Amino acid sequence: MAPSNIPYNPIEEAPPSPNPHRSQVYDPINNPSHIDLTDVHYNDEPPMSQLPPGAAHPQPQLLPPRFQGQGVNEPGFRSSYASGSQVSLNAPSYQTADYDSVHGLNFNQQHRPTTSLTSAAAAGGLGSPLLPSERYLDDPYAHGNESAGAIPLSPVGTGQGFREFPEKRDQYTSPRQKSKRRLWLILGIIILALLIIAAVGIPVYIFVVKPHLNSTADGAKTDGGSNTGTGNTGTGTNGSKDPTDNVVVMGHDGSTVTTENGTTFTYKNSFGGYWYYDPKDPFNNSAKAQSYTPALNETWDWNNDRIYGVNLGGWLNTEPFITPALYDKYYPDAVDEFTLSQQMAADTAGGGLKQLEDHYATFITEEDFAAIAAAGLNWVRIPMPFWAIETWDGEPFLEGVCWKYFLKGVQWARKYGIRINLDFHAVPGSQNGWNHSGRLGDINFLHGVMGLANVDRTLDYIRTFMQFIAQPEYKDVIQMFGVINEPFTPTIGAYEMNSFYVQVHELVRDITGRGTGNGPMLSLHEGFQGTAYWAGMFPGSDRLALDLHPYFAFGTQNNNPLSAQALQACTTWVPNTNGTFGKFGFTAAGEFSNAINDCGQYVNGVGLGTRYEGTFAGVTTVTGNCTTWTDYESWTQDTKDGIKQFAMASMDALVHWFFWTWKIGPTLATGKVNAPFWSYSLGLQEGWMPTDPRQAAGVCASLGVASTPAAPLPATATGGSGAGTISPAFLASYSAWPVTSLEDVANAAVLPTYTATGTLKTLPGLTITTPGSTATFDAGSGWFNPSATPLGAHMPVPGCNYPNEYSAQVSQVPIPTAACAGTKRKRSEDPAAPQITPFRP
């Protein structure tokens, strides 16, 4: 493809190549003498200024060919025209004393020398003009100039009908005469070599090279192994036997992507983003989701950059309404992942727990990450349960397997320039008693007889997650960590939660270090207390953010017009967002949706009905029939437009947001999505979500609700001056740990706790094999800072009784009268000692 904004000329003012054996690179930092190509672009390809420094230009046709011939007076291979260090960018080629290529014989294809090259240069002038038939053309890409009289290269083996300059002939060594005996010897060696190559090369090609080839995409390879191919014509081998030499490592809108299993798809991105993945450099963070989003290796500006995010709910932490087919199969017994796992484990004929891994492998794939970037979104929030790390005896969850798929998600996010908010969604004992916490029922986190013991384990798992994501291989991708999802503070208590958050802050920042660039932003859910409560909390803390989950679906139901729903989003949420910036810190909606009511299969839970239809417990008023809102195929264009306006009003009001969720799976009975309000991808497909999230800007103002500009964040909120030292006066109110009381236990000192004497758990990185060998890349040890938080993992105290971690309400289990000293370990419902399941990657 030809450049769209400059004329093509392969000779005039060609820039010097920094290395004779490399394609021309864009390197404005190290070589400011380069021609300014920052605005050069090729049809749909990005301008040079959007490519990473050092990336090879995607259109080698712009440059003259390289000559590898040996000159008479040259000791070895030589470079092409303009590769010599003495060539001036502004001077014609005849004015230099260093002719590195016979391109110089053309004298800009305009004039002949007066007597010789040197005399012409010395005279500083030109001879008489060359006739068109005399002009020598040495560029195989320039055949299009034949109409102007240029003469192309003579076809190999002919020499007839094409002019050969004697000057060119004299530049190269004459071939030597070879004896017949020597020819026969060479022929024999060649035959032997071919036999060896056939014996070794064919199996290598079949089993090593062929699976890694990407013949459908394009690229331009540099000698450093960084292929920046885009477009539709593949190039770029440097003679190496490495099977990844021709693998395209970068692409933009319209490029072909080859996945790890060999399938291909076309990358669509109209926002100027590009993907990047080099198998020789798998932790490269050059990808850019959109032109308005910093690349992963660039700094995110928390004051000015906007989060346009989406959740990957139901993927690694299942929920009935997001993946209804999984739960339909075991209805009504499976109501959460705890009971789903039990049902699956008993159903060996139906696939057992492998059904969960099959779900992980198919529900979200690489194409989803590419589509997320293509939708203009730049962050994903990924819910993660504690069983990604380990399970204890009696916990039926599939241990460790979802972590493997999270790591795939990290690499896909890296490839497409998307940042990750890793959200700790399910903790031991349940922090809210809802099905997405792992177990539907009671709250046993900082509440009940097992309230403190479950916190011990939770802190261990936060430490394990943080030691992993603080590693340099991951910190630029995973830039936010949600400490705990939706803890139900009205039951747990604000004092107890604040005390817990103080412990988390100190634990995390001891691991990561303090200040900008040291570990992720820590996101605290507002705990159903409202944003006003958080003003001035944790002063001096290092990068704490506030997480809001504003929903209308679970409140009073109504049939107000969709235009009124959009206005309500603006009037309700605008005051709760920007105002929090200056009073607490960065604020984002970690969840919101298009749901204006609670219609949808299992939205409230398996078999729990809906408020809208009056079938939910405690609700008798019937507002309407949910079929109106679940049968999206019957929606009129007006309905779709109204939902889109509500979506954009919500986006505008919330400023920074993560939509819940990217995908809703079909039901087993109908094969269709039954909760369409909650699916971003379905909304894009059917037309009720904006194709560009930036279109939401100003929607609230158009409805008469003016937004208040966000105040600048406090310096500590972005890791600036003073970050990391919480005010001593504030800490004095939360100095006791463990807390001395819970909301339902006056004397918490008698409650069972664990002892920190166990083996620490680490999380593995992906095993990535070095191309062309069996060696693997260093994916990190899983433990960023061995000197931080030296305590071991918490374990049961031998001889002490521990109620079931999910069923320990004071109404169910007597409060101990004294703390247990312990002599041997015992569980009340199971006399066998709890064995920690060995961690498996």
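Position 1 is the first residue of the sequence; numbering continues from there. Bear in mind the structure is a predicted one, so any value in this text is a computation, not a measurement.
The minimum heavy-atom distance linking Trp379 with Ile420 is given by the pair CZ3-O, 3.7 Å. For Gln411 against Leu766, the heavy-atom pair with the smallest separation is CG-CD1, 3.2 Å. Closest heavy-atom contact between Gly517 and Arg543: N-NH1, 4.0 Å. Considering every non-hydrogen atom in both Pro714 and Gly582, the closest pair reads CG-O, 3.9 Å. Closest heavy-atom contact between Met521 and Ala545: CG-CB, 3.7 Å. For Ala289 against Gly417, the heavy-atom pair with the smallest separation is CB-O, 3.4 Å.
Using a 4.5 Å heavy-atom threshold, the side chains of Thr458 and Phe500 count as touching. Side-chain contact between Thr577 and Leu548 is present, with at least one heavy-atom pair separated by less than 4.5 Å. Contact of the Ile389 side chain with the Leu763 side chain is registered, since non-hydrogen atoms from C-beta on lie closer than 4.5 Å. In this structure, Leu316 and Ile382 have side chains that are in contact, with non-hydrogen atoms separated by less than 4.5 Å. At a threshold of 4.5 Å between non-hydrogen side-chain atoms, the residues Val502 and His505 do not count as touching. Using a 4.5 Å cut-off on side-chain heavy atoms (C-beta onward), His436 and Glu486 make contact. The shortest side-chain heavy-atom distance between Phe777 and Pro771 falls under the 4.5 Å cut-off. Proximity of Arg463 to Leu459: side-chain heavy atoms (C-beta onward) are nowhere separated by under 4.5 Å.
Partners of Asp423 by side-chain contact (heavy atoms from CB on, under 4.5 Å), not counting sequence neighbours, listed by chain and number: Arg381, His425, Asn485. With sequence neighbours left out, the salt bridge (Lys or Arg N to Asp or Glu O under 4.0 Å) criterion links Glu298 to Lys288. Shown here are the salt bridge (Lys or Arg N to Asp or Glu O under 4.0 Å) partners of Lys475, two or more places apart in sequence or in another chain: there are none.
Not a single donor-acceptor pair under 3.5 Å links the side chain of Asp476 to the backbone N or O of Pro472. In terms of modelled atom types and a separation under 3.5 Å, the side chain of Asp253 and the main chain of Ser270 share no donor-acceptor contact. Side chain of Tyr474 to main chain of Ala779: a donor-acceptor pair is present (N/O by atom type, distance under 3.5 Å, no hydrogens or angles). No donor-acceptor pair under 3.5 Å is formed between the side chain of Thr365 and the backbone N or O of Ala361. Using a distance-only test at 3.5 Å, with no hydrogens or angles considered, no donor-acceptor pair links the side chain of Thr531 to the main chain of Thr580. A donor-acceptor pair under 3.5 Å is formed between the side chain of Ser679 and the backbone N or O of Leu682. At least one donor-acceptor pair closer than 3.5 Å links the side chain of Asn785 to the backbone N or O of Asp510. In this structure a side-chain-to-backbone donor-acceptor pair under 3.5 Å is present from Ser541 to Phe538. Here the side chain of Asn311 pairs no donor or acceptor atom with the backbone of Gly313 at under 3.5 angstrom.
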Trace of the ring pair (Phe, Tyr, Trp, His ring centres under 6.0 Å) decision for Phe397 with Phe386: CA-CA 10 Å; Phe397 307 109; Phe386 75 85; 5.8 Å; yes
Residue pair Glu399, Glu390: steps toward the side chain to side chain contact (heavy atoms under 4.5 Å, CB included) verdict: CA-CA 6 Å; Glu399 179 195 273; Glu390 69 171 3; 4.1 Å; yes
Full working for side chain to side chain contact (heavy atoms under 4.5 Å, CB included) between Trp783 and Gln471: CA-CA 8 Å; Trp783 210 255; Gln471 297 176 108; over 6 Å; no
Evaluation steps, salt bridge (charged side-chain N to carboxylate O under 4.0 Å, His left out), between Arg514 and Glu506: CA-CA 10 Å; Arg514 287 162 166 78; Glu506 296 307 299; 3.1 Å; yes
Audit row: Ile643, Met689, side chain to side chain contact (heavy atoms under 4.5 Å, CB included) steps and yes/no: CA-CA 8 Å; Ile643 295 172; Met689 291 298 285; 5.9 Å; no
Check against side chain to side chain contact (heavy atoms under 4.5 Å, CB included), Asp692 and Gln695: CA-CA 6 Å; Asp692 182 348; Gln695 295 171 350; 3.7 Å; yes
Test log, rule ring pair (Phe, Tyr, Trp, His ring centres under 6.0 Å), inputs His656 and Phe581: CA-CA 11 Å; His656 302 274; Phe581 265 57; 5.7 Å; yes
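Partner of Phe592 under the ring-ring contact (aromatic ring centres under 6.0 Å, His included) criterion, chosen from Phe552, Phe659, Tyr680: Phe659.
Residues Phe406 and Trp412 keep their aromatic ring centres 6.0 Å or farther apart. Checked against the 6.0 Å centroid criterion, the rings of Trp657 and Trp573 do not qualify as a close aromatic pair. With ring centers used as reference points, Phe363 lies 6.0 Å or more from Trp315. Residues Phe468 and Phe784 place their aromatic rings such that the two centres sit no closer than 6.0 Å. Taking the centre of each ring, Trp678 and Tyr551 come in below the 6.0 Å mark. If you look at Tyr274 and Tyr267, their ring centroids are not closer than 6.0 Å.
Between the CG atom of Leu377 and the CZ atom of Arg419 there is a distance of 14.0 Å, given to the nearest 0.5 Å. To the nearest 0.5 Å, the span separating OG1 on Thr293 from CG on Asn378 amounts to 4.0 Å. One finds the CE atom of Met537 at 15.0 Å from the NZ atom of Lys583 (value rounded to the nearest 0.5 Å). Atom OG of Ser286 and atom NZ of Lys415 lie 14.0 Å apart (nearest 0.5 Å). The distance from the CG atom of Asp542 to the OG1 atom of Thr512 is 6.5 Å, given to the nearest 0.5 Å. Here the CZ-CG distance, from Phe658 to Asp547, works out to 8.5 Å after rounding to the nearest 0.5 Å.
Ring geometry, Phe465 versus Phe481: the interplanar angle falls from 30° to 60°, so the pair is classed tilted. Between Phe271 and Tyr292, the angle of the ring planes goes over 60°, which puts this pair in the perpendicular group of the 30/60° scheme. Between Phe528 and Trp434, the angle of the ring planes goes over 60°, which puts this pair in the perpendicular group of the 30/60° scheme.
Here Asp368 pairs with Lys663 in a salt bridge; the nearest charged N to carboxylate O distance falls below 4.0 Å. Using a cut-off of 4.0 Å between Lys/Arg side-chain N and Asp/Glu carboxylate O, Asp278 and Lys280 are scored as not salt-bridged.
Defined by atom type and a distance below 3.5 Å, a donor-acceptor pair is present between the side-chain atoms of Tyr405 and Glu357. Using a 3.5 Å distance cut-off with no hydrogens or angles, the side chains of Glu337 and Thr318 do pair a donor with an acceptor. A side-chain donor-acceptor contact under 3.5 Å links Ser255 and Trp275.
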